[in-house]
Structures are given as C-alpha cells and as structure tokens.
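Starting from 1, each residue takes its place in the sequence as its number. On a predicted model such as this, the values are computed, not experimentally measured, just so you know.
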Amino acid sequence: MKQIYLILLFLIPALGFSQIICNTYTTGAISTAIPDGSGTPGQGTPVFIPLTVTESTPITDIRIHVNLTHGNVGDLVLQLQAPNGGGFSNIWNRDCNTSVFENMDVTFKDGASEIICASPITGTYNPSSPMTGFNSNDPSGVWNLVFVDFFTGNTGIVNEWSIELCTDPSLSVQDANLEEGFSIFPNPTSDFLTISNLKNTVGYIIINQLGQEVLKDSINNNEKIDIKNLKNGLYFLKVENKSAIKFIKE
C-alpha cells in the first residue's frame, strides 16, 4: 500500500527550488507470526515481509516504522533489505536485551536519539546500523523487513511496518561530474571531496537539504575539501559563478 503524503519545496540559497517528495509504503494492519528462537541464543526461522516500491528517483532520506507485539524485544533482530542486491541494515540488533521489555511501536531514522528501553518501546530512534548506505540508490522494487528471534521463550506478532522514502526528481548524482566543466570525486565520499578542472582559485559553499550553509571557503584545482564532520546525507556544492552540483556524504 502506498501513501503519498508530503511534498516539500525547499528554497536553497543561490540554487533555486528543490522539490523533495516523501512517499510512504505500508503493509497496513497485518498479523504475521514471529517464530520463537531455537536456543539460548539460537536463531529462529526468519520472517520476510515485503513491500513493493514503484518510484525510481534517487533516495535522499529513509525512515522505517515498526509496530509489533513480543514478550521480549531484546531477542529480536530486524534487518532491512533493499531491492536488487542494494544492501541491508540491521536496524534493530537485539537492543534492550539487558532486561525484559515488551512490544514496539518505533520509527527508525538516522541521526535520531538513542533508543530508550521501556514496555512498550515507542518513539523515533537511531537504528542499530545506519541506513545512509541506501541514499542515492534507485528505490524501485521489493524491499523486505526481516524479523528473526534469537532466544527461546517468547514469540511475537508483526502488526505493521512501513517505509518512508524521500526523493528529489531533480537530482541525479550520476551526472554531477558533467556540470559546468569541472568535476568532483569521489562521490559518494566519507572524508574528503576533491574538485578538479578549475582554472583558478574560487570560492565555494556547501549547503544541506534544508538550505543551510554548512561549509564556506575558497579552493584551488585538485585541492581537497574536508567533510568528515558533516552528517551523512545529500549536500549541494556551489562553486563561485557556477551551478551547484550534488554529492553524498556517507
């Protein structure tokens, strides 16, 4: 089931308008059993619950919502699997297993606060493993959320799960190196960004998706920009007298 529920227009200084579209795909109300684990610990039978995504523009942000009933959520591993071999993330990895905590109604979002264990566990929290590896990918196809119990004594029920994907139809990371006669590399990157084919020293700014300036300086040809302190996600690099290009910090 797909719900298109939010369209945002962000005015990004010096760049114009960028249209961010956020779609939610949900199972709706279900009642899918999570088999008990087979040992102490020991993996039970994995349960794969699919959702089909129809859009194909690059991902800029992702959130996962999970509602389940279980006698001890610390027994569970929840693994999000992208379509077509696009990777996976253990968004819940036997968290809150220092005591017995029951049930879960949680949204997982990179950069959110750390999990607060309770019965039930509710709120928006940082996943056990980041989901930024999915950013810039084509989201189309069948996503699976896999539920696995790793301890005997408790079974559970998945009541619903959903995936929120934010994309920007105007963005295409693949063509970033073709703009304005200069190039950036590597892209995506985790620490440094290099600009080549510059003829002289130029000023630059880096802007996040909310239009906020996060870095500003000047640079020469083939000089590196240190982006290690930026949060993971999509950014725009605006070079003096040239159009902006986009890159992924991961």
Side-chain angles (χ1 to χ4, degrees), residues 8-22 55-63 80 82 85-89 91 108-114 126-139 164-250:
L8 300 178
L9 290 178
F10 293 127
L11 178 60
I12 300 179
L15 305 184
F17 284 96
S18 177
Q19 187 181 59
I20 306 296
I21 300 177
C22 296
E55 61 196 286
S56 59
T57 49
I59 299 169
T60 61
D61 192 24
I62 185 170
R63 299 186 189 197
L80 179 65
F88 65 89
S89 172
I91 61 173
F108 296 95
K109 173 179 169 50
D110 287 322
S113 60
E114 296 305 311
N126 199 38
S128 297
S129 299
M131 298 183 288
T132 49
F134 301 124
N135 286 354
S136 81
N137 290 350
D138 178 350
E164 175 193 340
L165 294 169
C166 293
T167 65
D168 187 339
S170 69
L171 299 182
S172 177
V173 172
Q174 287 78 9
D175 66 7
N177 289 348
L178 304 179
E179 300 182 30
E180 296 294 326
F182 69 97
S183 62
I184 61 173
F185 65 91
N187 188 15
T189 182
S190 59
D191 46 17
F192 293 99
L193 189 67
T194 302
I195 304 179
S196 62
N197 298 327
L198 294 176
K199 295 181 180 180
N200 47 42
T201 300
V202 296
Y204 73 86
I205 58 174
I206 292 178
I207 299 167
N208 64 20
Q209 293 180 72
L210 300 180
Q212 300 166 328
E213 181 182 301
V214 294
L215 280 178
K216 181 178 182 179
D217 207 339
S218 59
I219 193 168
N220 294 308
N221 188 48
N222 290 328
E223 189 176 350
K224 293 181 178 180
I225 301 173
D226 186 344
I227 63 166
K228 291 193 296 291
N229 292 328
L230 296 183
K231 293 181 179 179
N232 293 347
L234 179 72
Y235 291 87
F236 301 86
L237 172 68
K238 177 68 173 69
V239 175
E240 181 180 337
N241 298 322
K242 297 182 183 295
S243 298
I245 58 178
K246 44 216 173 274
F247 68 92
I248 301 293
K249 164 65 167 60
E250 62 180 14

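Around atom CG of Asn222, more than 12 heavy atoms belonging to other residues, nucleotides or ligands sit under 6.0 Å away.
Screening Asp191, Thr189, Leu215 against Ile225 for a side-chain contact (heavy atoms from CB on, under 4.5 Å) leaves a single residue, Leu215. Test Ile248, Leu237, Thr194 against Asn187 for side-chain contact (heavy atoms from CB on, under 4.5 Å) and you get one pass: Ile248.
Note: Asn200 CG to Leu198 CG = 7.5 Å, rounded to the nearest 0.5 Å. Atoms CZ and NZ, from Phe185 and Lys224 in turn, are 8.5 Å apart once rounded to the nearest 0.5 Å. Atoms NZ and CD1, on Lys238 and Ile207 in that order, are 8.5 Å from each other to the nearest 0.5 Å. To the nearest 0.5 Å, atom OG1 of residue Thr132 and atom CD1 of residue Ile62 are 10.0 Å apart. The CD1 atom of Ile206 lies 6.5 Å from the CD1 atom of Ile227; values are rounded to the nearest 0.5 Å. In this structure, Leu193 CG and Ile184 CD1 are separated by 5.0 Å, a value rounded to the nearest 0.5 Å.
Closest non-hydrogen pair, Thr201 versus Ser218, comes out as CG2-CB, 4.1 Å. Shown here for Asn232 and Glu250, the closest heavy-atom pair between the two residues is OD1-C, 3.3 Å. Closest approach of Ala112 and Asn126 over heavy atoms only: O-CB, 3.4 Å. When all heavy atoms of Pro139 and Leu165 are compared, the closest pair comes out as CB-CD1, 3.7 Å. Pairing each heavy atom of Lys249 with each of Leu230, the nearest pair is NZ-O, 3.1 Å.
Side-chain contact check for Asn221 versus Ser196: some heavy-atom pair is nearer than 4.5 Å. Asp61 has its side chain within reach of Lys109: a pair of non-hydrogen atoms, C-beta onward, lies under 4.5 Å apart.
Between the Ser89 side chain and the Ser129 main chain, a donor and an acceptor come within less than 3.5 Å of each other.
Here Phe134 pairs with Trp143 under the ring pair (Phe, Tyr, Trp, His ring centres under 6.0 Å) rule; sequence neighbours left out. Asp226 pairs by the salt bridge (charged side-chain N to carboxylate O under 4.0 Å, His left out) definition with Lys228, not counting sequence neighbours.
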Inset, instruction - Dump the intermediate steps for side chain to side chain contact (heavy atoms under 4.5 Å, CB included) on Leu234 and Asn135, then the final yes or no. - result: CA-CA 8 Å; Leu234 179 72; Asn135 286 354; over 6 Å; no

